[in-house]
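Quick note on labels: first sequence line is chain A, next is B, and so on, each numbered from 1.
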Number of protein chains: 2
Amino acid sequence: MQKEHNLSKNQKIIFDLIDKSGGPMKAYSILFNVQKKGIKAPLQVYRALDKLVEIGKIHKIESRNAFIACQNSSCQVSKATAFSICESCENVSEISNSKLSKYLSNFSDNSGMKYSKYNLEFFGLCKKCKSK
Amino acid sequence: MQKEHNLSKNQKIIFDLIDKSGGPMKAYSILFNVQKKGIKAPLQVYRALDKLVEIGKIHKIESRNAFIACQNSSCQVSKATAFSICESCENVSEISNSKLSKYLSNFSDNSGMKYSKYNLEFFGLCKKCKSK
DNA sequence: AACATTATGTAATAATATAACATTTAGAAG
DNA sequence: CTTCTAAATGTTATATTATTACATAATGTT
């Protein structure tokens, strides 16, 4: 069972926006969209984003500086994330493949490092863009 | 055999700096370090970085906005990269593990997407930082 | 020599993110 | 219900990362 986080006002506004958008959103585009709701400054957005990332409600797509709602309801913390990114239309989706996540969560090499987190981004052409 | 790219003047200066540093470097830190060599503007740095990334001499660590020299001499193009990042000391190293790269290069799911590239970043504590 | 491609130089500015400080709100403990 | 604490908010300013636009020079090809 997922812990219920009571989102604060700003967190809820921003999460709902990202979630409803269905795709990745950039911080300043979020800011623009929530200004009518009284969120006026970048920092207000970044603070909400930081918290939402921390509790796993959204993930950051590092290569795009964008944020996407977690599509995996069982995902509490952002410690094991994988995405597929279309380099043509910039569509992003979260990959939830238990074999992949098991493989990566258990990965270790001879560096003596203990991995507690990973982020994987695959790039290519999505079905639509491939057939163009 | 790796194709020999004749680096231009700026590309060579910047690659040598990153390579000698032995770790990831940020664009504006690179800029600062090469100003005595006549490279004065951010754009000159970013252009060289773009080219070096394109030909696989360096890689971008997306989560850190930093650039590291490729540590894998057989790596021509930056299409399959994996790094381990210490969240305490920020040490970064390139993982070269043929099983991992095979697994990821051959990965496919039911999205209909053809993956041509990936970037994986593992996070944790390195040996040194763990024992502190 | 003519042409195309790649690289360079320079200034301005866009886009992304954080620091610092004051105040308010929401929960927990007594 | 009051006191305390942690979390969240509001606001201004600024730091950091990256690109646009335009002019010129060097390099490679036919």
Side-chain angles (χ1 to χ4, degrees), chain A residues 3-18 21 23-68 77-78 87 90 92 119 121, chain B residues 3-18 21 23-68 78 85 87 90 92 119 121:
Chain A
K3 187 182 172 200
E4 195 47 58
H5 280 279
N6 292 314
L7 299 184
S8 73
K9 179 173 144 281
N10 288 0
Q11 289 159 15
K12 187 157 179 9
I13 291 171
I14 287 171
F15 174 73
D16 286 346
L17 175 67
I18 300 173
S21 86
M25 288 193 77
K26 306 194 133 219
Y28 277 73
S29 148
I30 293 169
L31 176 58
F32 178 81
N33 275 276
V34 296
Q35 274 175 333
K36 59 194 122 189
K37 303 216 172 181
I39 296 176
K40 292 174 195 156
L43 189 51
Q44 295 177 288
V45 173
Y46 280 104
R47 281 197 287 223
L49 290 173
D50 284 350
K51 186 67 187 185
L52 292 167
V53 166
E54 187 193 320
I55 64 180
K57 300 282 287 181
I58 64 173
H59 304 300
K60 182 169 188 183
I61 312 298
E62 293 287 357
S63 66
R64 298 300 186 260
N65 298 317
F67 300 84
I68 193 169
V77 205
S78 299
E87 290 186 298
E90 293 292 326
V92 173
N119 178 56
E121 298 180 6
Chain B
K3 187 184 170 197
E4 196 46 59
H5 280 279
N6 293 313
L7 299 184
S8 73
K9 177 172 144 282
N10 289 359
Q11 289 159 16
K12 189 159 180 3
I13 291 171
I14 287 172
F15 174 73
D16 286 347
L17 175 67
I18 300 172
S21 87
M25 289 194 76
K26 305 195 134 218
Y28 277 73
S29 147
I30 292 168
L31 175 58
F32 178 80
N33 275 276
V34 296
Q35 274 174 335
K36 58 196 122 192
K37 303 216 173 181
I39 295 176
K40 292 175 196 157
L43 188 50
Q44 295 176 288
V45 173
Y46 281 104
R47 281 197 287 223
L49 291 173
D50 284 350
K51 186 67 184 185
L52 292 167
V53 165
E54 187 192 320
I55 65 180
K57 299 282 286 180
I58 65 173
H59 304 300
K60 182 170 187 182
I61 311 299
E62 293 288 357
S63 67
R64 298 300 186 260
N65 297 318
F67 300 85
I68 194 170
S78 300
I85 302 171
E87 290 186 297
E90 293 292 327
V92 173
N119 178 56
E121 298 180 5

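Annotation: proximity of residues 35-44 of chain B to DNA chain C (heavy atom, distance under 4.0 Å) is found for Lys40(B), Ala41(B), Leu43(B), Gln44(B), numbered in ascending order.
Nearest-nucleotide positions on DNA chain D place Asn10(A) closer to the 5' end than the other of Asn10(A) and Asn65(A). The residue among Ala48(B) and Ala27(A) whose nearest nucleotide of DNA chain C lies closer to the 5′ end is Ala48(B).
For the pair Glu87(A) and Arg64(A), the tightest heavy-atom approach, listed with the atom from each and the gap, is CG-NH2, 4.3 Å. Minimum heavy-atom separation, Phe15(A) to Leu7(A): CB-CD1, 4.1 Å. Nearest heavy-atom pair across Ile14(B) and Val45(B) is CD1-CA, 3.8 Å. Minimum interatomic distance between Ile18(B) and Phe67(B) (heavy atoms only, all atoms of both residues): CG2-O, 3.6 Å.
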Taking only distance into account, with no hydrogens and no angle test, what donor-acceptor pairs under 3.5 Å do side-chain atoms of residues 27-40 of chain B form with protein atoms, sequence neighbours excluded?
{"residue": "Asn33(B)", "atom": "ND2", "partner": "Ser29(B)", "partner atom": "O", "Å": "2.7"}

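Between Ser8(A) and the phosphate of dT9(D), there is a side-chain N or O to OP1/OP2 separation shorter than 4.0 Å. For dT24(C), neither phosphate oxygen OP1 nor OP2 lies less than 4.0 angstrom from any side-chain nitrogen or oxygen of Lys9(A). Remark: Lys26(B) is in phosphate contact with dT17(D), judged by side-chain N or O atoms under 4.0 Å from OP1 or OP2. At dT18(C), none of the side-chain N or O atoms of Tyr46(A) fall inside 4.0 Å of OP1 or OP2 (strictly under the cut-off). Contact between the side-chain N/O atoms of Lys51(A) and the OP1/OP2 oxygens of dA8(D) is found at a separation under 4.0 Å.
Rounded to a whole Å, the CG atom of Asp50(A) is 14 Å from the P atom of dA7(D). Distance Ile61(A) CD1 to dT16(C) P: 14 Å, rounded to the nearest Å. Distance Ile14(B) CD1 to dA18(D) P: 14 Å, rounded to the nearest Å. Rounded to whole angstrom, the span from the CD1 atom of Ile13(B) across to the P atom of dA7(C) amounts to 14 Å. A straight line from CD of Glu62(B) to P of dT16(C) spans 13 Å, rounded to a whole angstrom. Here the C1' atom of nucleotide dT16(C) and the CE atom of Met25(A) are 15 Å apart, to the nearest Å. One can place CZ of Phe32(A) at 16 Å from P of dA14(C), the figure rounded to the nearest angstrom.
You cannot call Tyr28(B) stacked on the base of dT16(D); the centres under 5.5 Å and planes under 30° rule is not satisfied.
Within the 4.5 Å cutoff, the side chain of Ile85(B) has heavy atoms near those of the Ser63(B) side chain.
Within 4.0 Å (heavy atoms only), Lys12(B) reaches no atom of the nucleic acid at all.
Within the 3.5 Å criterion, the main-chain N or O of Ser8(B) finds a donor-acceptor partner in the side chain of Gln11(B).
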